[in-house]
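Protein chains get the first letters and strands the later ones, always in sequence-line order, with residue 1 at the start of each.
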There are 2 protein chains.
Amino acid sequence: MSSIKQTLEQKGYDVWSIDVDQVVLDAIRLMAEKGIGALVVTEHEKMIGVITERDYARKIALKGRASSNTNIRDIMSDTVFYASPDNTVEECMAMMTEKRIRHLPIMEGDKLIGLISIGDLVKAKIAEQKFLIDQLLHYIHS
Amino acid sequence: MSSIKQTLEQKGYDVWSIDVDQVVLDAIRLMAEKGIGALVVTEHEKMIGVITERDYARKIALKGRASSNTNIRDIMSDTVFYASPDNTVEECMAMMTEKRIRHLPIMEGDKLIGLISIGDLVKAKIAEQKFLIDQLLHYIHS
């Protein structure tokens, strides 16, 4: 069972965050710059939530708001869900499925060290299964 | 190797589309209603593109546009990429990776019969690998 630590080593430890008092337009600008779909939201440098492209798609124009004058606080998911680098890929997939979230912050103690998407996890899972299949085929043919 | 036909049977053949002359706000409203992140775009009932949450996140507020008066035509991806139900999961994953797209329309002849996301494909791939692993383990233990 591979751990999240291994997934982070593959994906990289970059995690982009934004202050809760900035406006939504700042968040989608940063997402576009970095080529990503989610940011960790911080207040006084402490993680208090996550904002995603989906939050933007569901809670700005459809609710009659404008991204230039809506605070991130008003549309973010103020999640308390996170995992540790020692959790397994399976544990994190199960948590994300149960909580219906697509991004999971990874905390080491009280330090934010990464943000994992469901896409990162399925890539890790496919690689893990491929490794196991290769091992089994090798065992059968030797 | 499992085919896209099998993936569609699992996922369902629902495919939501919207006319190219509607505005972007109509598209994100339909996505929210259906709980999805992408729509096929049609003109005279013929598929001419795809519009996704990401198009909205990258090409409305950031380009100084408003979703209520921007036509879908102006921000959609006018893709000509699609697959057939007889393609394999691997072929479609390869195409989506190469073209850097996350949604792939499925055409049977000239009829649109589904829209597959990269998430649908990885779920199918994981199930396929699990089946193979179970078969191999059974073979070894029998």
Discussion item. I want to check something: taking the side chain as every heavy atom from C-beta on, are B:L39 and B:T52 in contact at a cut-off of under 4.5 Å?
Written reply: no
Response to the item:
Correct closest heavy-atom pair for B:I51 and B:M31 would be O-CE, 3.6 Å
Worksheet entry | Main-chain N/O of A:M95 paired with A:E98 side-chain donor or acceptor, under 3.5 Å | no
Discussion item. Is the shortest side-chain heavy-atom distance between B:I116 and B:L121 below 4.5 Å?
Written reply: yes
Worksheet item: Under a 4.5 Å side-chain heavy-atom rule over Ile, Leu, Val, Met, Phe, Trp and Tyr, are A:Y82 and A:I36 clustered together?
Response: no
Worksheet item: Are there residues of residues 12-21 of chain A that reach to under 4.5 Å of chain B by heavy atoms, and which ones?
Response: none
Item to complete: Sort by residue number and list every member of residues 130-142 of chain A having a non-hydrogen atom under 4.5 Å from chain B.
Response: A:K130, A:L132, A:I133, A:L136, A:L137, A:Y139, A:I140
Discussion item. Quick check: do B:E9 and B:K5 have side-chain heavy atoms less than 4.5 Å from each other?
Written reply: yes
Worksheet item: Does B:I126 reach the side chain of A:M93, with side-chain heavy atoms less than 4.5 Å apart?
Response: yes
Practice prompt. Answer yes or no: does atom CD of A:E33 have more than 12 heavy-atom neighbours from other residues, nucleotides or ligands under 6.0 Å?
Written response: yes
Worksheet item: Atom CG in A:D120, atom NZ in A:K125: separation rounded to 0.5 Å?
Response: 15.5 Å
Discussion item. Using only non-hydrogen atoms and a strict under-4.5 angstrom cutoff, which residues of residues 54-69 of chain A touch chain B?
Written reply: A:R54, A:Y56, A:A57, A:R58, A:I60, A:A61, A:L62, A:S67
Worksheet item: If we only count heavy atoms from C-beta on, is the A:Q6 to A:K11 side-chain gap below 4.5 Å?
Response: no
Fill in: Hydrophobic cluster identity match, A:V122 and B:V89, side-chain contacts under 4.5 Å
yes
Discussion item. Please give me the minimum heavy-atom distance between B:V50 and B:V41, naming the atom from each residue.
Written reply: C-CG2, 4.0 Å
Item to complete: Could you pull out the closest heavy-atom pair between B:T7 and B:A124, with the gap in Å?
Response: OG1-CB, 3.9 Å
Worksheet item: Side-chain contact, heavy-atom cut-off 4.5 Å: A:M76 with A:I48?
Response: yes
Worksheet entry | Beyond-backbone contact of A:C92 with A:I4, side-chain heavy atoms, under 4.5 angstrom | yes
Worksheet item: In residues 103-112 of chain A, which residues are in contact with chain B at a heavy-atom separation under 4.5 Å?
Response: none
Fill in: Test item: A:T88 and A:E91 side chains (from C-beta on) under 4.5 Å apart, heavy atoms
yes
